[in-house]
There are 2 protein chains.
Amino acid sequence: MTQTKPSKLAELLRRGEIFAVECPSREILKHVTSRWGVLVLVALMAGTHRFSDLRRKVGGVSEKMLAQTLQCLEKDGFVRRVSLPVVPPHVEYSLTPMGEEIGRKVEALADWIEINLPQIMEAQRGA
Amino acid sequence: MTQTKPSKLAELLRRGEIFAVECPSREILKHVTSRWGVLVLVALMAGTHRFSDLRRKVGGVSEKMLAQTLQCLEKDGFVRRVSLPVVPPHVEYSLTPMGEEIGRKVEALADWIEINLPQIMEAQRGA
DNA sequence: CGGAATCCAAGATGATACTG
DNA sequence: CAGTATCATCTTGGATTCCG
């Protein structure tokens, strides 16, 4: 394997690996585009939230799924978890720099859908 | 219902309805961010594909899920299906103008992940 | 070739109860 | 408050088979 250090350009040209079954990107994509992952990222784009704040904001999420989603996003390096050692417990969640970057992409997608919802609904009927 | 025609600005400011359980956007978001929805949209960004082309390109997808995903995206108005009445059957799938728009958002997300995968993997270990 | 239909395994999600 | 643990359920996804 004569493998030179992959340049930024090479990486940019390497598109399409997501189509491969074993591509690690698929896992990340799965986390980020999961039912609650999307909403949590968008919610955190507005700033730091406590666990219960997020639970209230993201309608319909259960404690279990919120905790699980947050742990997952934290492990991927998108979410920062700060636990203040007080009683009662106080835990703050915010986006890391990477989290903000990917959050922008996700938010762009969500916003597009919200804005174009009328056209989409129309297309659904019209077709 | 004294409902004035919602201005573009009003729509832009209406962010956050996705957080509501009953928001219709959630359904669309679900279709678009589904396991195979993302990959099909990105695949179709490269141009028209036949069913079996997509099946080959999108690694790991079963016939059932591909068909289901395509129908769903077609109903939402993102995918155009053209069936040529020949034998053997020949069916072409492509993106509608709306599909291209949302496809760009999805692709941007997928590309970001692929490009930043090294950093993500590093963060996973480092954290 | 491009599906539709069926059956079944696996994983995601939810309600509830409990804990530091 | 911020979770964890457990169990029940509901949805996804895949293998297979059949059809125009």
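FYI, side chains are in, hydrogens and waters are out, and symmetry mates aren't considered; it's all heavy atoms of this structure. This is a predicted model, so every value here is computed, not measured.
- Residues passing the side-chain contact (heavy atoms from CB on, under 4.5 Å) test with B:Arg55, sequence neighbours excluded: B:Phe51, B:Glu63, B:Leu66.
- Residues forming a side chain to side chain donor-acceptor pair (under 3.5 Å) with A:Glu100 (at least two apart in sequence, or on another chain): none.
- When DNA chain D is scanned in the 5' to 3' direction for atoms under 4.0 Å from non-hydrogen atoms of chain A, the outermost contacting nucleotides are D:dC1 to D:dC7.
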Base versus backbone protein contacts along nucleotides 7-20 of chain C [heavy-atom cut-off under 4.0 Å; B, S, -]: B-----BBB-B--B
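- Scanning for side chain to side chain donor-acceptor pair (under 3.5 Å) contacts around A:Trp112 gives A:Asn116, B:Glu101, with sequence neighbours left out.
- Rounding to the nearest 0.5 Å gives a distance of 9.0 Å between CG of B:Leu73 and CD1 of B:Ile102.
- Taking A:Gln68 as the reference, nothing meets the side chain to side chain donor-acceptor pair (under 3.5 Å) condition, with sequence neighbours excluded.
- Residue A:Glu92 is out of contact with every strand shown, counting any heavy-atom pair closer than 4.0 Å.
- Partners of B:Ala108 under the side-chain contact (heavy atoms from CB on, under 4.5 Å) rule, at least two apart in sequence or in another chain, are A:Lys105.
- To the nearest 0.5 Å, the span separating CG on B:Leu39 from CE on B:Met65 amounts to 11.5 Å.
- The CG atom of B:Leu84 sits 6.0 Å away from atom CD of B:Glu92, with the distance rounded to the nearest 0.5 Å.
- Residues from residues 38-53 of chain B placing a heavy atom under 4.0 Å of any atom in DNA chain D do not occur.
- Residues satisfying the side-chain contact (heavy atoms from CB on, under 4.5 Å) test with B:Arg56, not counting sequence neighbours, are B:Ser52, B:Asp53.
- In this entry the distance linking CG of B:Leu66 with C1' of C:dG2 reads 10 Å, nearest Å.
- Considering every non-hydrogen atom in both A:Leu95 and A:Val79, the closest pair reads CD2-CG2, 4.2 Å.
- The terminal axes of the helix from C:dC1-D:dG20 to C:dG20-D:dC1, fitted over 5 pairs per end, subtend an angle of 50° to the nearest 10°.
- Residues A:Val61 and A:Val58 approach most closely at CG1-O, 3.2 Å, considering heavy atoms.
- Partners of A:Gln71 under the side-chain contact (heavy atoms from CB on, under 4.5 Å) rule, at least two apart in sequence or in another chain, do not exist in this structure.
- Listed by chain and number, the residues in a side chain to side chain donor-acceptor pair (under 3.5 Å) with A:Arg80 are A:Ser94 (sequence neighbours excluded).
- B:Glu74 has its CD atom 15 Å from the P atom of C:dG2, to the nearest Å.
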